[in-house]
Undergrad: 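Before I ask anything, here is the structure I am working with.
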Amino acid sequence: MAEVQFRISSFLKDLIGRELITDEFVAVFELVKNSFDANAKAVKVIFEHQYNPENAKIIIWDDGYGMNLNDLNNKWLFVAHSDKRDGSEDKDYRDKIQHRRIFAGAKGVGRFSCDRLGSYLNLITLKNEPNAKIEALSIDWTSFEEDSNKEFIDIKVAHQTVQSVQYTNFAHGTILEISGLRDVWDRNRIQRLKISLEKLINPIQENDVDDFSIEIIAPDEILRDQKETDNRKIINGIIQNVVFESLGLKTTQIKVSVIENGGVIQSTLIDRGVEIYSLKERNPYNKLYDITISLFVLNRAGKMNFKKIMGVNSVEYGSVFIYKNGFRIYPFGEEGDDTLQIDRRKQQGFYRFLGTRDLIGRIEINGEKSNLKETTSRDGGLIKNESWEQLYNFFYDKALKRLEAYTVGIIKWGDEKFDKETGEIIQPELKPEDVKDKIFDIITSLTRAKDVLDISYNKDFLQIYEAKQEKSAVQLVKNLTRIAEETNNPTFVKQAKAVARQVSQLKQAKEEAERENEEIKQEVDAISQKVKLVTSENLFLRSDVTKDVQQLENLQHHITHTSNLISEIALQAIDAIKSNKLELAIKKIDKLLIKNEEIATLSNFVSKAKFDTKVKKINGDIVSFINEYLVNVFSTINTKLKIDLNDCDKHYTMKFIPLEIIIIIENLLRNSITAHANTVNISWDIKEKPVLIYRDNGDGISDAILEHIFEYRFSTTGGGGLGMCHIKDILQNMNGMIEVNNKLVKGVEFKISF
């Protein structure tokens, strides 16, 4: 059988170069990552003659282990070869260094990033070994673009061994001189590169990235840097990585990690420095291990704090980044990127879900054997395989949804909401201590899951007394006991028993509190009533002031005046009888009875009144007047009837005749006593006018007599039948009215509007 072989066009260079790495920043990223993989401690990104296109250069200089001629031939010039991927690099140097780094790249095409940045490359390298020589390659990338019929391997690359270079302190490492630049690297573009490089390395990930620095050197920008007052806008200098935890973001965050060789997921939810819960559960994602997710919710205060510290809005900085072995995977986290479909999901439930504007954080992937692999296109994210699907579900189910359940469902973002027009607080800021009951329900719900291995939480959340939480507490005890039995964890068994004891104690305390509650309530109501009345107008005193000469004179004045009126009305009644005018005589006698009632009523309160009883009409608070009369006068004379006063904090000022108001109240009270009532409830409805709502628990009024109760001389008890009629007459003179509600289960209700 004859054999044939593939031929490779020189145009392959474009397929794995500029057409694969389309973003200039990503191209720089790849070359920096190559320096890291070469065990460099520092890499310099130098921009020479940036405003002179013909002479402009980008120089990437690292102090890594460098290459010799054999490395150049068998590795660097070997397209798609990656000793990082097959492990051969370890034999060369990695076993010799103290701290073993995990590779940032493993595709073998990162070197073609040079082609994306410029048409020409001059590579200078010096290996860190005895008797090393400086090797140099000169590559004209355009020579691969002249004829597609040419074989890739037929395009020659110039090589030479040189004795010295223009760079001082070049002990070992690699220098890439890129010219014929394809982009104009002005201050704005370098500034954006610097911001991107700040996010390239995750400074807290375990890959020795703390022993690796990136420095930007742009001589043409030094003078402008010296005039710049904002440090973040200075071009030259070491790149400073941002650690979200160091920003002092007083917000809600969740951290979820796959630990114990992929067997366990550990989650911790923290709200403004308070740990809400920490949970361990079995890992259902068999493709995931050594992964950590850290998510922060940026509420209004968090966004303001972020901008204050970072000098840029959080939405412009980015959202959820993904790092693999310490280096960022593009484009995750980039402004406008929604590879994780966070914003797409938010559109389905705007007020229920968090969006990229509300979140900042990272997903950290560690380890060399991860099945989570980058696409060959370096700005294409991760390959969508089964591991990616599991990572996607892990992010949503164990991190984002749990963060949403607390932030959106419980603390309502932890923001204070204000009325834009008035500035008043519509919704106060909610903190963990304000929502203990709801947090308790979340903890109880988490323990229901069959995969839970361990859970810890703030024990203050058990201090709940409501019936709903008591029920949840009982369920929590059952769940904890089940988990303790399944895991055979002695500590967990003790915890379950401790919770059970605490719940039992809370239940007993609740029952005792309920038994005492009614007595305490009555005492509090009575004291509250007294306090409110003391702070009102005090139109009546609780004790008599009969020794007060002024009050005695007032009483004498009323009696004398009324006595003269009675004599005059009596003579008019006699004259009417003599003239056989019986109807007129009856009216005169009725007036006699009213005046007599006035004298009797006056004698009850005149010795306690603080207002001038000579004055017929006063301008005062009618609510306080009636309430005080009931407490300070009537209740001291009659102890058979209990008076419950509500709405003592309400007030209404108007002109009224005190004697008439008291006659109305006394007639109602006497009728309640006659109807065998033992309690009268007084309340007020004050809108355009004051409405007194009088309700007793007596025998009530039947429908058969309801329409007659205000008639003259109508009575069902053998009384005079004048009380209700007098009430109606007084109210008519005041342009008021009285309504009756006899549909209560017990007693009757009157609504009196003055």
Side-chain angles (χ1 to χ4, degrees), residues 565-566 569-570 572-573 576-577 580-602 604 622 626 629-630 634 637-638 640-644 656-685 689-754:
L565 283 175
I566 288 174
I569 294 170
Q572 292 174 355
I577 292 171
N580 203 27
K581 297 178 181 179
L582 295 179
E583 186 176 347
L584 177 60
I586 291 171
K587 288 184 178 179
K588 296 298 180 179
I589 294 171
D590 183 36
K591 282 189 177 180
L592 288 175
L593 294 172
I594 291 175
K595 292 301 175 182
N596 183 64
E597 185 176 12
E598 287 182 2
I599 291 177
T601 303
L602 181 65
N604 286 337
I622 193 167
I626 291 175
Y629 178 79
L630 290 169
F634 181 81
I637 299 171
N638 190 303
K640 294 180 181 179
L641 206 57
K642 178 186 174 184
I643 309 294
D644 285 339
F656 59 90
I657 300 172
L659 194 55
E660 289 184 345
I661 300 300
I662 292 171
I663 288 173
I664 292 173
I665 299 301
E666 290 243 357
N667 273 312
L668 290 173
L669 292 167
R670 282 196 294 269
N671 286 346
S672 293
I673 293 171
T674 303
H676 307 103
N678 57 31
T679 302
V680 169
N681 186 279
I682 302 289
S683 58
W684 291 87
D685 182 14
K689 57 186 177 181
V691 177
L692 170 67
I693 302 169
Y694 179 103
R695 178 184 294 179
D696 71 23
N697 64 345
D699 298 333
I701 301 173
S702 67
D703 290 340
I705 66 170
L706 184 62
E707 60 181 285
H708 303 294
I709 63 172
F710 295 110
E711 293 177 0
Y712 179 71
R713 297 285 295 166
F714 177 81
S715 174
T716 60
T717 62
L722 295 173
M724 298 302 291
C725 180
H726 285 173
I727 290 174
K728 184 178 180 182
D729 290 343
I730 291 171
L731 287 171
Q732 284 180 342
N733 291 333
M734 296 178 67
N735 293 319
M737 63 181 295
I738 183 170
E739 300 176 58
V740 187
N741 174 18
N742 68 335
K743 302 302 182 183
L744 303 182
V745 175
K746 185 174 178 60
V748 67
E749 179 183 81
F750 296 98
K751 287 188 178 181
I752 301 170
S753 58
F754 295 101

Undergrad: Given side chains that start at C-beta, do those of Gln732 and Lys728 come closer than 4.5 Å, heavy atoms only?
TA: yes
Undergrad: Specify the closest pair of heavy atoms between Arg670 and Asn667, including all atoms of both residues, with the distance to one decimal.
TA: NH2-OD1, 2.9 Å
Undergrad: With Asn742, which residues qualify under side chain to side chain donor-acceptor pair (under 3.5 Å), at least two apart?
TA: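 For Asn742 the side chain to side chain donor-acceptor pair (under 3.5 Å) partners, ignoring immediate neighbours, are Asp703.
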Undergrad: Quick one: are Ile657 and Ile730 in side-chain contact, heavy atoms under 4.5 Å?
TA: no
Undergrad: Kindly compute the distance separating CG (Asp685) from OG (Ser753), expressed to the nearest 0.5 Å.
TA: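 Rounded to the nearest 0.5 Å, the CG-OG separation comes to 10.5 Å.
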Undergrad: Does the side chain of Phe750 come within less than 4.5 Å of Asn671's, by heavy atoms?
TA: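 Of all side-chain heavy-atom pairs linking Phe750 with Asn671, none is under 4.5 Å.
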Undergrad: If you round to the nearest 0.5 Å, how far is CD1 of Ile663 from CG of Asp729?
TA: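 Between atom CG of Asp729 and atom CD1 of Ile663 there are 11.0 Å.
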Undergrad: Hey, could you give me the CD1/CD distance between Ile661 and Glu666, rounded to the nearest 0.5 Å?
TA: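 The CD1 atom of Ile661 sits 12.5 Å away from the CD atom of Glu666.
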Undergrad: side-chain contact (heavy atoms from CB on, under 4.5 Å), that's the test. Do Ile626 and Phe754 meet it? Break it down for me.
TA: CA-CA 12 Å; Ile626 291 175; Phe754 295 101; 4.1 Å; yes
Undergrad: Only distances under 3.5 Å count here; give the side-chain donor-acceptor pairs of residues 690-701 to other protein atoms, sequence neighbours excluded, each with its distance to 0.1 Å.
TA:
unit_1 : atom_1 : unit_2 : atom_2 : d
Tyr694 : OH     : Leu668 : O      : 3.1
Tyr694 : OH     : Ser672 : OG     : 2.6
Arg695 : NE     : Glu749 : OE2    : 3.2
Arg695 : NH2    : Glu749 : OE2    : 2.5
Asp696 : OD1    : Gly698 : N      : 3.2
Asp696 : OD1    : Val748 : N      : 3.2
Asp696 : OD2    : Ser672 : OG     : 2.8
Asn697 : OD1    : Asn678 : N      : 3.1
Asn697 : OD1    : Thr679 : N      : 3.1
Asn697 : ND2    : Asn678 : OD1    : 2.7
Asp699 : OD2    : His676 : ND1    : 2.6

Undergrad: When rounded to the nearest 0.5 angstrom, what is the spacing between CD1 in Ile664 and CG in Leu731?
TA: 4.0 Å
Undergrad: To the nearest 0.5 angstrom, please state how far the CG atom of Leu641 sits from the CG atom of Leu630.
TA: 9.5 Å
